[in-house]
Asks: 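My questions all concern the structure below.
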Amino acid sequence: ETGVTQSPTHLIKTRGQQVTLRCSSQSGHNTVSWYQQALGQGPQFIFQYYREEENGRGNFPPRFSGLQFPNYSSELNVNALELDDSALYLCASSLGVGQGRDTGELFFGEGSRLTVL
Amino acid sequence: GQSLEQPSEVTAVEGAIVQINCTYQTSGFYGLSWYQQHDGGAPTFLSYNALDGLEETGRFSSFLSRSDSYGYLLLQELQMKDSASYFCAVISGYALNFGKGTSLLVTP
């Protein structure tokens with residue numbers, strides 16, 4: 001069983017640039033959620049994708065956008081980067097949108113650490 | 001809105017027992033989860049309570065009181081490898097809403 005994998009692991013951008021982060025979900029999982037974790041904070045929900053559509057969104061501006069592909073992998077895109085976007089971006093997968101409610105368990109990747117200068 | 005409160009830091013001795021409390025305010029509550037995260041690592045699932053009471057998984061136990069909007073994680077027979085951040089998270093809608101985390105330091 002392959003776990004959640006994310007790429008790149010680290011990257012550095014400058015203000016105003018755009019970034020794309022990638023996530024491959026755990027084998028058999030069809031739902032992907034993205035979280036932002038600032039230093040010393042808990043992960044904050046960005047959005048969730050199910051059946052290639054955004055299924056729920058947290059309090060993040062529209063410059064945060066995403067995609068899910070037929071193989072359930074996903075991308076997170078952030079436009080017009082700001083200094084405060086520096087964070088660890090975590091991808092989590094689950095089987096169905098209700099798995100979190102049923103078991104409380106999401107499967108996280110190790111994240112992509114973004115630094116904005 | 002959602003809010004979760006947990007202590008920022010806890011220190012305990014190897015072999016001891018430690019309890020990490022979590023209080024929450026939320027709408028649409030389904031359950032309370034606990035996650036462990038080592039520095040630079042992925043959050044990993046520890047335990048989940050949807051109903052009141054105690055859930056035990058090896059050295060870790062978790063408790064929930066829905067009427068008090070309160071839960072705790074109990075770690076027994078602490079080991080050095082338990083030094084990590086611990087997060088409580090409320091399942092609300094489709095999202096996990098995390099607290100700010102408790103940094104646990106286990107000392108010899």
Side-chain angles (χ1 to χ4, degrees), chain A residues 2-6 9-10 23-26 29-51 53-60 68 87-113, chain B residues 1-9 20 22-24 26-51 53 55 57 60 62-64 66 71 73 84-104:
Chain A
T2 305
V4 178
T5 58
Q6 295 187 240
T9 55
H10 295 82
C23 171
S24 293
S25 61
Q26 181 164 312
H29 285 181
N30 57 11
T31 305
V32 172
S33 303
W34 286 92
Y35 288 79
Q36 180 195 66
Q37 186 176 23
L39 197 62
Q41 302 293 314
Q44 299 295 309
F45 175 68
I46 302 175
F47 43 55
Q48 181 185 81
Y49 276 84
Y50 175 66
R51 292 184 174 179
E53 291 192 359
E54 187 178 293
N55 192 49
R57 188 177 185 95
N59 188 27
F60 281 81
Q68 186 180 32
L88 181 68
Y89 288 85
L90 295 162
C91 170
S93 74
S94 59
L95 179 59
V97 297
Q99 184 180 23
R101 290 199 299 262
D102 294 340
T103 69
E105 182 174 12
L106 297 183
F107 297 81
F108 283 86
E110 297 205 347
S112 295
R113 184 164 296 283
Chain B
Q2 320 267 352
S3 70
L4 296 97
E5 296 290 333
Q6 53 182 127
S8 58
E9 294 180 350
I20 300 173
C22 174
T23 58
Y24 60 87
T26 185
S27 57
F29 178 83
Y30 287 99
L32 186 70
S33 286
W34 289 91
Y35 282 78
Q36 178 193 62
Q37 186 180 33
H38 286 97
D39 279 349
T44 56
F45 172 80
L46 293 176
S47 189
Y48 178 61
N49 296 72
L51 302 175
E55 293 285 340
T57 309
F60 295 170
S62 59
F63 172 83
L64 175 66
R66 294 175 68 119
L73 178 69
S85 293
Y86 293 83
F87 296 90
C88 58
V90 169
I91 314 297
S92 179
Y94 297 127
L96 275 174
N97 297 291
F98 286 84
K100 291 186 176 180
T102 298
S103 177
L104 171 64

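Naming convention: chains lettered A, B, ... in sequence-line order (proteins, then strands); numbering from 1 in each chain.
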Asks: Would you say that A:L88 contacts B:Q37 through its side chain, given a criterion of any heavy-atom pair below 4.5 Å between the two side chains?
Replies: yes
Asks: Determine the minimum heavy-atom distance between B:S33 and A:G104, stating which atoms define it.
Replies: OG-O, 2.7 Å
Asks: So do A:L106 and B:Y35 actually touch side chain to side chain, heavy atoms under 4.5 Å?
Replies: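 B:Y35 reaches A:L106 side chain to side chain.
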Asks: Select, from A:S33, A:G42, A:P43, A:G56, the one with the greatest count of heavy-atom pairs under 4.5 Å involving chain B.
Replies: A:P43
Asks: Chain B heavy atoms under 4.5 Å from A:Y35: which part of the residue, side chain, backbone, both or neither?
Replies: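 Looking at A:Y35, just its side chain touches chain B.
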Asks: If you look at every heavy atom in A:F108 and B:A42, which pair is closest and at what distance?
Replies: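 Looking at all heavy atoms of both residues, the shortest contact is O-CB, 3.7 Å.
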Asks: With a 4.5 angstrom heavy-atom cut-off, which part of A:Q37 approaches chain B: side chain, backbone, both or neither?
Replies: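 Side chain only.
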Asks: Against chain B, label A:Q41 side chain, backbone, both or neither, depending on which of its atoms sit under 4.5 Å from a heavy atom there.
Replies: both
Asks: Considering residues at least two apart in sequence or located in another chain, which fulfil the side-chain contact (heavy atoms from CB on, under 4.5 Å) criterion with A:S25?
Replies: A:H29, A:V32, A:Y72, A:S93
Asks: Quick check: closest heavy atoms across B:F98 and A:Q44, and the distance to 0.1 Å?
Replies: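 What the structure gives for the nearest pair is O-NE2, 4.3 Å.
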Asks: Should the heavy atoms of other residues, nucleotides or ligands under 6.0 Å from CD of B:E5 be counted, would the total exceed 12?
Replies: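 At most 12 heavy atoms, drawn from other residues, nucleotides or ligands, come within 6.0 Å of this atom.
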Asks: What pairs with B:Q36 under side chain to side chain donor-acceptor pair (under 3.5 Å), at least two apart in sequence or on another chain?
Replies: B:Y86
